[in-house]
Amino acid sequence: MTQQITVIGGGLAGCEAAWQAAKRGVKVRLYEMKPGKYSEAHHLPGLSELVCSNSLRGDSLENAVGLLKEELRRLDSLFMEGAEATKVPAGGALAVDRELFSNYITQKIEEHPDIEVVREELTHIPEEGIVVVASGPLTSGALAEEIGRLAGNYLYFYDAIAPIVAADSIDYDKAFRASRYGKGDGDDYLNCPMDEEQYHDFVKELLAAEKVEPKSFEKVVHFEGCMPIEEMASRGVETLRFGPMKPVGLTDPRVGVEPYAVIQLRQENREATMFNLVGFQTKLTWPEQKRIFRMIPGLEQAQFLRLGSMHRNTFINAPELLAATCQLKSDPRILFAGQITGVEGYVESASSGFVAGVNAARMAKGEELVVPPAETAIGALARHITNTEAAHFQPMNVNYGLFPPLIGRIKKKEKRGLLAQRGLEALQAWLPKVVAE
Ligand SMILES: Cc1cc2nc3c(=O)[nH]c(=O)nc-3n(C[C@H](O)[C@H](O)[C@H](O)COP(=O)(O)OP(=O)(O)OC[C@H]3O[C@@H](n4cnc5c(N)ncnc54)[C@H](O)[C@@H]3O)c2cc1C
């Protein structure tokens with residue numbers, strides 16, 4: 001007899017995981033604490049609630065999230081079926097009616113003969129059996145404590161995200177390679193130098209910029225080491241020059257002197273296709289971030305792969321704790337899915353639920369577990385959360401910077417099309433391994 005699977009959380013990841021497992025003939029018990037208990041951001045009684053925007057973002061293959069959606073369509077995902085059935089006009093994006101979407105998924109899940117929905121908060125992870133933890137960024141307190149015990153020091157409740165730029169959009173005539181006092185390999189960082197006038201203009205714009213107001217449940221005291229840069233700037237005009245923009249120990253080789261201020265960019269992935277702005281966590285609005293950070297010498301044409309943010313978010317340090325199959329390394333019968341693994345966004349959470357659901361079913365049936373190919377969007381994302389350097393791990397949306405680079409010299413404007421084509425070919429080759437009979 002195959003084992004029954006327990007899924008904790010009936011959100012985007014949990015519903016996809018339950019659906020994929022049930023489709024493969026495995027019985028599922030899905031726990032959802034609503035409507036008895038709501039997180040601060042959930043309001044609808046149904047499953048798979050989109051807590052904020054109704055947009056699932058761009059639908060063209062020019063965006064990695066467009067490719068991710070196309071892959072999920074081909075993988076027969078319930079999330080994409082629900083999105084197509086309830087979509088509303090949104091130009092180049094795919095947007096849905098949030099209530100109809102939630103109703104659609106709820107009905108499909110509740111009507112499935114192999115899924116039992118239990119409307120209860122689960123405060124402990126069952127001690128036996130296969131479990132998928134998909135309780136989301138606002139996991140309830142008691143369960144978060146339990147996950148904290150499993151995760152050791154590797155459970156976080158807040159993310160402080162600095163922006164990331166594409167390596168091929170940086171102007172290397174202005175940014176120079178060096179690490180402070182020549183430490184490490186001596187050239188580990190890219191440094192964007194500023195003169196005095198540029199620094200003062202930059203601080204002025206930061207102070208005047210439009211910020212995102214925190215939700216009432218998000219008002220927190222910022223830790224000194226993790227303060228938004230605009231907050232630092234408001235403490236005094238020189239504060240940033242003694243903080244994340246300090247120039248000491250860095251000499252611009254083109255002029256042979258220390259710049260007035262410096263923004264350091266740290267390599268984000270092994271392929272060096274992405275760099276993050278060190279210490280630049282922020283609550284500026286997205287248009288303001290693009291406008292102001294493009295004032296930084298070397299970043300005038302920057303393509304932002306991720307923008308900065310700070311909000312409440314329960315997530316584990318997946319590179320430390322999870323295998324690429326979504327299993328907890330220390331207890332492989334427990335799988336994690338959704339935003340709690342450090343993916344960011346609706347589509348990304350559903351995609352992570354897909355992998356966890358398929359693998360939970362395979363485990364129940366005694367089959368070999370699968371890992372999606374790195375060239376696919378679903379695989380690039382899975383690889384990011386398990387393969388990134390654990391010390392700097394922060395949640396991330398899918399983007400083409402996460403994909404293994406193409407080989408050879410490729411024109412920039414052709415890159416995305418080729419990455420999408422390579423991804424879909426890899427997916428087609430992988431499909432026979434994962435489709436449900
Ligand atoms: C305020 C806010 C705004 C956001 N806005 C956007 C946006 O505009 N666009 C975007 O792409 N992403 C957004 N996100 C990210 C978004 O949360 C995720 O993309 C996505 O909803 C996460 O999916 P999930 O399945 O991991 O978690 P969720 O969809 O949150 O699902 C988790 C489910 O688990 C349930 N649950 C929690 N604890 C327990 C328990 N102990 N027992 C039983 N059930 C439990 C919850 O009630 C919930 O239904 C936002 C997040 C937040 C917090």
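Computation of the quantities below employed the complete heavy-atom set of this structure, encompassing side-chain atoms and omitting hydrogens, waters and symmetry-equivalent molecules. We count ligands from 1, going down the list as the structure has it; atoms in each ligand are counted the same way.
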Practice prompt. Kindly confirm or rule out an N or O of Gly14 lying under 3.5 angstrom from an N or O of ligand 1.
Written response: no

Worksheet item: Considering only heavy atoms of Cys52, which atoms of ligand 1 have at least one such atom less than 4.0 Å away?
Response: 3 (C), 4 (C), 5 (N), 6 (C), 8 (O)

Discussion item. With respect to Leu12, determine whether any N or O atom, backbone or side chain, lies less than 3.5 Å from an N or O atom of ligand 1.
Written reply: yes

Worksheet item: So do the side chains of Phe403 and Arg422 get within less than 4.5 Å of each other, counting heavy atoms only?
Response: yes

Item to complete: With heavy atoms of Ala13 as the reference, note each atom of ligand 1 found under 4.0 Å away.
Response: 25 (O)

Worksheet item: In ligand 1, which numbered atoms sit nearer than 4.0 Å to a non-hydrogen atom of Gly338?
Response: 26 (O)

Discussion item. Looking at Arg73 and Glu84, is any side-chain nitrogen of the basic one under 4.0 Å from a carboxylate oxygen of the acidic one?
Written reply: yes

Worksheet item: If we only count heavy atoms from C-beta on, is the Val370 to Asn359 side-chain gap below 4.5 Å?
Response: yes

Worksheet item: Less than 3.5 Å between some nitrogen or oxygen of Ser53 and one of ligand 1, yes or no?
Response: yes

Practice prompt. Look only at interatomic distance and state if Met33 has a nitrogen or oxygen under 3.5 Å from any nitrogen or oxygen of ligand 1.
Written response: yes

Fill in: Basic-acidic side-chain contact under 4.0 Å: Arg383, Glu271
yes

Worksheet entry | Within 6.0 Å of CD in Glu367, more than 12 heavy atoms from elsewhere | yes

